[in-house]
Amino acid sequence: MSNHMKQDQPATDCKLDQMSQDLLGKPIARSEGLAKVTGTAPYAAEYPVDNCLEGVLVTAPFARGTVTDIDTQACLAMDGVVAVVEDERMTARAAQGTAGEAPVQQPRTVCYWGQPIALVVAETFEQARDAAKHLVISFDADDLDDVAFDPNAVDPENKESTSQGDLTRAMNEASSNVDARLTTSGHASAAMEPHAAIAEWDGSKLTVYASLQMLNYNIAELADAVDLEEDDVRLISRYVGGGFGSKLGISEETVAAAIAAMQLERPVRVVMSRQQVFQCIMRRSETTQRLRLASGDDGALTGFGHYALVSNLPGEEFAEPVLQSSQFLYAGENRLLEMDVARVHRMTAGSVRAPGEAVGMPALEVAMDMLAEEAGVDPVELRLRNIPENHPVEGTPFSSHKLAECLKQGAEAFNWDSGKRKPRHTKDGEWWIGTGMASAARVHNVSEAKARVTLKADGTAMVETDMTDIGTGTYTILGQVAGEMLGLPRDKVLVELGDTQFPRGSGSGGSWGAASVGSAVFVACQALRKKLAERAGVSEDELSLKDGAISGGTSLVDLLDGKDLAEEGHYEPGDIDEDFVAAGFGAYFAQVRVNRFTGETRVERMTGAFGFGRVLNEKTARSQCIGGMTWSIGVALTEALHFDPVDGHLVNCDLAEYHVPVHRDVPDLDVIMVEERDPAASPIQAKGIGELGMCGGAAAIANAIYNACGARVMDFPMTPDRVLAAMPYD
Ligand code: MOS
């Protein structure tokens, strides 16, 4: 049976802290870790499927125009080639940026360089790859000048605008003000596992193994793309080698594999090359931002302005939500927040690792550092003075808010020295050494989710949902929620994910997974506890379960009496999001050394303090924070997509040329998780943590570069050439 909880009220009576198993929150290692490191956990391309054909995508070598003809003759005559599949449904995929958007691409119309247009299918991968190079494509490419690729060269459309009071006046009347223009580069998700799918068609049912974040939604996308009912489609995605937004929606390899398998009546595998992943999977938009901050003598903000220019293809809905946390993070009576979208012919822009704050927060937090200097207020103190009581425009209260605690605890742990705010205070040989800090903020999201929990007659439990674990620890934490509620050690709870045969989960995206599907498991377990209490003849409140028995009494096996007991939990976000602003907050502190002669920056140490509601697993949550801070280093120093100004193609399309931080770039990262329960965030009082760790950290590094050597770089990433150019002469 299904138990439904729609959250309209804060879950102040959540009993999780009163349970007896003492499992939730504990730093338990990932349950699937061994399978992953020993290579037995199958990823999308690795499922053993007999008689499988191999497909290779052919992509457009021009940025805009029409494919007029595909001559398959030479290609089909090659060894092992079975078919060339060219189907308009393959490229008319749903926009990847945001689940739920309608497809905008027309058949055979090319909108960006690298757009897939056909699939060559052969007996072996090598044959398919070779044949794909022999496919003759005729096209009519539009004559584009560089204006078509440059977001700063076109007239943008306004996307959003919030205004209150008079910012210009506040700027004019301020004792201190900052008017700063910053830019951030485009980013690639850069998941390790390339996009891949294996499709099997038995004449009436389609089964697809793919690498996806949102099976609950992807099933509808795929069914729609291949004209099937959802009931006739099964998606399997048990292990995902990173998604970071790039696998929120289905993409061409999945649709192409499905269409080919249905046409050819044999299983078909399609794996994108690394270059294809870079060139046709959505990008994060580059941004140009203007920050205007006005304050009184004490640093208290009187004016707050944030403008952002982002880009996307014509017709795409998604726009990098740069201003998301700027809406509420700091006070300031006079406000102007505006965002424009430039229409350019770069590949689709969509969600990449903390869309919005990942690039909006670094720009804001550099501007805050400039204001701190201008106003002569310590940067930590400046933030503390500007924490608003409520949402600065709407007046809505915060669900819970740990920014002040994060700033204080982080500063203490890092040993923040407010005396050393003047640049160039410390030199070690050819290196300048300095420190910087920044706030973190990320909106909290939740999403509808279902999960089934079964107490087996043998006293073990099983959790089933089509939720995915994209490397975040979902398998582990869902077992902890169930184990805590049902009084079972973690190894007595089996968690099955990533299969649409199970109840619809929330999917993994926007950091909502743990709080959403964790709440569905919680709701299912509450229903089970109710049944167990009835059987035991005690009230639910009195029911104390530990290690497979009622504390000091009857065992679960006896209570179950030879029969399984199953309940489905259904969690739905309710109206509560209208009553509160819910967000995760934090603070970063970084120490860098910058080379006087080369401009090279090394991050020496970094501390992050974060408040994100209940910690479900201290180890996996910490890993999420470390991962986020690592990406911060990428935003600060290395990551940038480079487009050719002449034909618009992505130039750096592999992991050698697109630099994500690697082990040598990342020092030991110190993480503080500030104790918090947020009853309005979710029934289990947890907020999102997946993305918070990278929402502003790049600014701590940027501010540390300034503090070290006096180079106020206004463009992310702060590569050596940019640092050198901004560095004052000795
Ligand atoms: Mo996330 S960028 O919503 O997977």
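We count ligands from 1, going down the list as the structure has it; atoms in each ligand are counted the same way. The basis for the numbers below is simple: all heavy atoms, side chains too, and nothing from hydrogens, waters or symmetry mates.
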Atom indices of ligand 1, in the order listed, that fall short of 4.0 Å to a heavy atom of G509: 3 (O), 4 (O)
Would you say R353 has any N or O atom under 3.5 Å from an N or O of ligand 1, going by distance alone? no
If we number the atoms of ligand 1 from 1 as shown, the ones under 4.0 Å from a heavy atom of F244 are 2 (S), 4 (O)
May I ask you to check if ligand 1 and A354 share an N or O to N or O distance below 3.5 Å? no
Closer than 4.0 Å to some heavy atom of V352 - which atoms of ligand 1 meet that? 2 (S)
Donor-acceptor pair, side chain of E691 and main chain of A354, under 3.5 angstrom: yes
Looking at R622, Q480, Q624, which hits side chain to side chain donor-acceptor pair (under 3.5 Å) with N617? Q480
Between P355 and ligand 1, find which residue part has any heavy-atom pair under 4.0 Å and reply side chain, backbone, both or neither. side chain
Tell me whether K247 reaches ligand 1 (any heavy atom closer than 4.0 angstrom to a ligand atom). no
One residue to check: L248. Relative to ligand 1, which of side chain, backbone, both or neither has a non-hydrogen atom less than 4.0 Å away? side chain
Assign the ring pair F610 / Y588 to parallel, tilted or perpendicular, where the plane angle (0 to 90°) is split at 30° and 60°. perpendicular
So, the side chain of D654 versus the backbone of E657: is there a donor-acceptor pair under 3.5 Å, distance only? yes
Enumerate the atoms of ligand 1 whose separation from the nearest heavy atom of Q213 is less than 4.0 angstrom. 4 (O)
Indicate the ring-plane relationship of F398 and F328, choosing parallel, tilted or perpendicular according to the 30° and 60° boundaries. perpendicular
Measure centre to centre between the rings of H649 and F643, then say whether the value is under 6.0 Å. no
Looking at atom 1 (Mo) of ligand 1, what's its closest protein heavy atom, distance included? E691 OE2, 3.3 Å
Distance from atom 3 (O) of ligand 1 to nearest protein heavy atom, with residue and atom: G510 N, 2.7 Å
For the residue pair C111 and L313, what are the closest heavy atoms and their distance? O-CD2, 3.2 Å
How far does CD of E320 sit from CZ of R283, to the nearest 0.5 angstrom? 10.0 Å
